[in-house]
Amino acid sequence: MQIERRVLRAAEDFILYLPSDIIATPEIVPMTRGRLQFEWHQGNRSLEIELESEQLLHYLKWDSDAHIEEEDVISVHDTDTIQGLLRWFAAGSLNA
């Protein structure tokens with residue numbers, strides 16, 4: 001299935017928004033139903049952010065060593081939560 005054009009535009013906006021000073025470039029994975037997922041992995045720590053639509057993100061925050069498994073669906077405009085997720089992953093990556 002082809003990635004929806006509006007999801008591609010939202011993905012471009014998301015990438016431009018990523019703070020390069022705190023987070024590395026993610027792997028970008030095409031998903032079913034025309035979605036895209038951004039993935040960061042370091043050891044047993046992962047952050048996955050899937051663009052479900054141009055308005056919604058589904059994220060998975062996971063660290064088996066720290067017994068963290070959290071997922072939720074949020075608005076693409078929830079910048080506080082998005083920044084918090086990126087900072088969480090970056091902080092753990094610095095300690096790895």
Side-chain angles (χ1 to χ4, degrees):
M1 174 174 246
Q2 191 173 19
I3 303 299
E4 295 179 27
R5 202 173 289 275
R6 63 182 191 238
V7 171
L8 286 172
R9 275 188 245 113
E12 289 172 351
D13 291 344
F14 183 80
I15 289 171
L16 291 173
Y17 170 77
L18 290 176
S20 60
D21 59 331
I22 65 168
I23 193 86
T25 304
E27 292 181 44
I28 302 172
V29 180
M31 306 293 287
T32 59
R33 296 179 295 204
R35 300 173 178 181
L36 279 176
Q37 182 164 288
F38 300 92
E39 297 182 0
W40 295 266
H41 303 284
Q42 180 70 43
N44 291 332
R45 188 179 188 86
S46 295
L47 176 61
E48 298 176 356
I49 298 177
E50 180 182 342
L51 278 165
E52 290 194 352
S53 71
E54 71 274 15
Q55 296 296 319
L56 293 176
L57 299 175
H58 176 240
Y59 73 84
L60 172 63
K61 174 178 160 180
W62 185 72
D63 185 335
S64 62
D65 294 337
H67 306 289
I68 294 172
E69 185 174 354
E70 175 186 322
E71 63 181 306
D72 202 356
V73 176
I74 61 172
S75 167
V76 297
H77 304 293
D78 187 349
T79 55
D80 289 341
T81 299
I82 295 166
Q83 289 286 333
L85 291 166
L86 298 173
R87 279 192 294 277
W88 169 81
F89 183 80
S93 295
L94 294 175
N95 296 330

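Because only heavy atoms are used, hydrogens play no part in the values below, and waters and symmetry mates are left out as well, while side chains stay in.
In this structure, CZ in Arg5 is found 13.5 Å from CD in Glu54, a value given to the nearest 0.5 Å. The line from OG of Ser46 to CD of Glu69 is 10.5 Å long, rounded to the nearest 0.5 Å. The structure places OG1 of Thr81 at 11.0 Å from CG of Leu86, a figure rounded to the nearest 0.5 Å. Separating the CE atom in Met31 from the CD atom in Gln37 is a distance of 4.0 Å, to the nearest 0.5 Å. Here the CG-CD distance, from Leu60 to Glu39, works out to 9.5 Å after rounding to the nearest 0.5 Å.
Trp88 and Trp62 are not part of a single hydrophobic cluster, where members link through side-chain heavy atoms under 4.5 Å apart. At a threshold of 4.5 Å between side-chain heavy atoms, the hydrophobic network of Ile, Leu, Val, Met, Phe, Trp and Tyr places Leu51 and Tyr17 in one connected group. Under the 4.5 Å side-chain heavy-atom criterion for grouping Ile, Leu, Val, Met, Phe, Trp and Tyr, Val7 is connected to Leu18 within one hydrophobic cluster. Taken together through direct or relayed side-chain contacts under 4.5 Å among Ile, Leu, Val, Met, Phe, Trp and Tyr, Leu56 and Ile3 form parts of separate hydrophobic clusters. Leu85 and Ile15 end up in the same hydrophobic cluster when Ile, Leu, Val, Met, Phe, Trp and Tyr side chains are linked at under 4.5 Å.
Looking at Ile74 and Tyr59, their side chains come closer than 4.5 Å, going by heavy atoms from C-beta outward. For the pair Glu4 and Arg33, the minimum side-chain heavy-atom distance is 4.5 Å or more. Glu48 places a side-chain heavy atom less than 4.5 Å from the side chain of His41. For the pair Pro26 and Ile49, the minimum side-chain heavy-atom distance is 4.5 Å or more.
Ser75 and Ile82 make their closest contact through O-CD1, 4.2 Å (heavy atoms, listed as atom of the first residue, atom of the second, distance). Looking at every heavy atom in both residues, Trp40 comes nearest to Thr25 through NE1-C, 4.0 Å. Of all heavy-atom pairs between Pro30 and Leu36, the closest is CA-CD2, 3.9 Å.
Screening residues 70-90 for salt bridge (charged side-chain N to carboxylate O under 4.0 Å, His left out) gives Lys61-Glu70 as the qualifying pairs, with residues at least two apart or on separate chains.
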